[in-house]
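Working notes, beginning with the structure itself.
Ligands are counted one by one from 1 in listed order, and the atoms in each one are counted from 1 as well. Owing to the predicted nature of the structure, the values given are computational and were not obtained by experimental measurement. Throughout, numbering of the chain's residues begins at 1 and tracks the sequence.
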Amino acid sequence: MQIFKVGGVVRDRLLGIPVTDVDRVVVGATTEEMLAQGFRPVGADFPVFLHPKTGEEYALARTERKSGRGYGGFTFHASPDVTLEEDLIRRDLTINAMAEDDQQNLTDPYHGQRDLEARILRHVSPAFAEDPLRVLRVARFAARYASLGFTVAPETLELMRQLSESGELQALTAERSWKEISRALIEDQPQVFIQVLRDCGALKELMPEVDALFGVPQPEVHHPEIDTGLHTLSVLEQSALHKQPLTVRWACLLHDLGKGLTPEEEWPRHIAHEHTGLKLIKAVNERFKAPKDCQELALLVGKYHTHCHRALELKASTLLELLQSFDVYRRPQRFEEFIGACEMDARGRKGLEQRSYPQADYLRGAAQAARVVAVQPLLEKGFKGPELGEALKRERLKALKAYKDKASA
Ligand code: CTP
């Protein structure tokens with residue numbers, strides 16, 4: 001049997017990028033031989049094994065054929081006579097279809113190295129279309145390697161467009177899609193992921209609510225970039241520049257969905273878009289079964305981002321309601337993420353990327369002022385149950401009034 005490193009490990013070594021995952025392909029072996037050598041079988045779908053000592057993945061060379069819709073619809077053929085070249089041709093991109101042996105001798109039948117040098121993401125063969133998830137994967141690789149100058153080959157974008165138009169993306173499971181989306185959002189240029197999905201028509205299929213933002217104008221005084229879709233891309237870009245976590249980036253992507261529902265005669269204003277957007281945010285959250293913290297933050301940012309922008313003008317009672325809505329006393333981190341997302345929204349505007357955002361510290365201060373109100377004296381006065389809650393609210397309101405007065409003095 002012959003063993004080769006394959007896929008991302010070869011690609012990233014040639015790019016000079018640190019490698020984390022090592023995948024290997026085994027040519028000329030049977031399942032029985034692998035088991036006899038102590039390899040542990042994993043995965044019901046494919047003949048993949050874990051090395052008894054290192055735990056790394058070894059897959060038998062295989063060919064694949066699509067036999068139905070969705071990811072389940074695959075038949076594969078793994079046997080000792082499947083060649084390395086046959087295994088490589090079923091893979092997604094030429095830069096992912098290279099293999100190397102222990103001496104780093106490269107097997108590159110589909111010219112991955114040439115495409116690496118030319119900074120091109122190109123599909124290997126028409127077999128690309130057998131797994132629609134690859135549309136998201138290519139967009140994710142485009143986001144990851146954008147800073148190195150990579151772009152998607154026109155013929156690959158065309159294939160992605162055909163796949164998107166065929167409706168095949170609808171067959172992807174929420175789990176597989178979310179894995180790609182979440183990985184793409186934490187790349188350095190997540191906006192490229194969305195842009196590439198849009199360029200091939202996949203965004204309309206996956207997140208029509210986000211796609212609908214392109215072409216929707218906003219008032220130029222607040223939004224010199226005007227277009228809501230472009231604004232959303234800039235907000236995402238800022239979220240990566242500022243190293244925001246996934247929760248914040250997800251909220252950034254969805255914060256303005258309501259603007260896609262504004263009747264044209266109201267353009268460029270978007271009255272109450274914070275509220276109209278909530279059902280769309282909920283729908284996208286649920287479509288991809290986003291984790292609870294992502295879902296929650298996206299809804300809260302959608303609902304309250306304009307509160308944050310107007311923080312310095314808010315009455316003490318409104319400030320208090322805002323803090324209560326976030327349960328800021330028990331969930332300080334979530335409030336911090338909310339402020340982060342709103343700051344990205346403020347900076348994700350053409351020419352305003354460097355602006356100051358005093359609202360952030362102002363709200364942090366307000367949260368602190370409310371948080372330090374002590375419960376003990378109220379308990380000592382005999383308050384309990386709902387009355388204690390009311391008394392606490394009154395004290396916090398007092399504290400916020402004092403905070404406001406001091407801040408405006
Ligand atoms: N692959 C594929 N089609 C998919 C998933 C994977 O062709 N839908 C192939 C590619 O050759 C890829 C390899 O399997 O390089 C390993 O997949 P994976 O570990 O998901 O990706 P990597 O390329 O290693 O990239 P990453 O750095 O994102 O893990």
| query | So, Glu205 versus Gln170: side-chain donor-acceptor pair below 3.5 Å or not? | reply |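 Indeed, the side chains of Glu205 and Gln170 share at least one donor-acceptor pair under 3.5 Å.
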Show the atoms of ligand 1 that are less than 4.0 angstrom away from any heavy atom in [X].
X      : result
Arg134 : 2 (C), 3 (N), 4 (C), 7 (O), 8 (N)
Asp23  : 16 (C), 19 (O)
Phe141 : 23 (O), 25 (O), 28 (O)
Arg144 : 26 (P), 27 (O), 28 (O)
Arg140 : 28 (O)

| Got a sec, which residues hit side chain to side chain contact (heavy atoms under 4.5 Å, CB included) with Lys279, two or more places apart in sequence or on another chain? |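 Lys279: side chain to side chain contact (heavy atoms under 4.5 Å, CB included) contacts with Leu261.
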| message | Applying side chain to side chain contact (heavy atoms under 4.5 Å, CB included), can you list everything that pairs with Leu320, at least two apart in sequence or on another chain? | response |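 Per chain and number, Leu320 pairs via side chain to side chain contact (heavy atoms under 4.5 Å, CB included) with Gln324, Tyr329, Lys393, Arg396, Leu397, Leu400.
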| Aromatic ring centroids of His222 and His231 under 6.0 Å? |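 No, too far apart.
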| query | Evaluating non-hydrogen atoms only, which member of Gly7, Ala184, Gly8 is closest to atom 24 (O) of ligand 1? | reply |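 Among Gly7, Ala184, Gly8, the closest heavy atom to atom 24 (O) of ligand 1 comes from Gly8.
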| query | Which of the listed options, Arg11, Arg176, Arg137, Glu180, holds the heavy atom that is closest to atom 12 (C) of ligand 1? | reply |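 The option holding the nearest heavy atom is Arg137.
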| message | Check this for me - ligand 1, Asn96, N or O atoms closer than 3.5 angstrom, yes or no? | response |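 There is such a contact, yes.
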Kindly assign one of parallel, tilted or perpendicular to the pair [X] and [Y], based on the angle between their ring planes and the thresholds 30° and 60°.
X      : Y      : answer
Tyr58  : His51  : tilted
His270 : His273 : perpendicular
Trp250 : Phe288 : perpendicular

| said: Contact between ligand 1 and Asp21 is defined here as a heavy atom of the residue under 4.0 Å from a ligand atom; is it met? | reply: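 Asp21 does not count as a contact of ligand 1 under the 4.0 Å cut-off.
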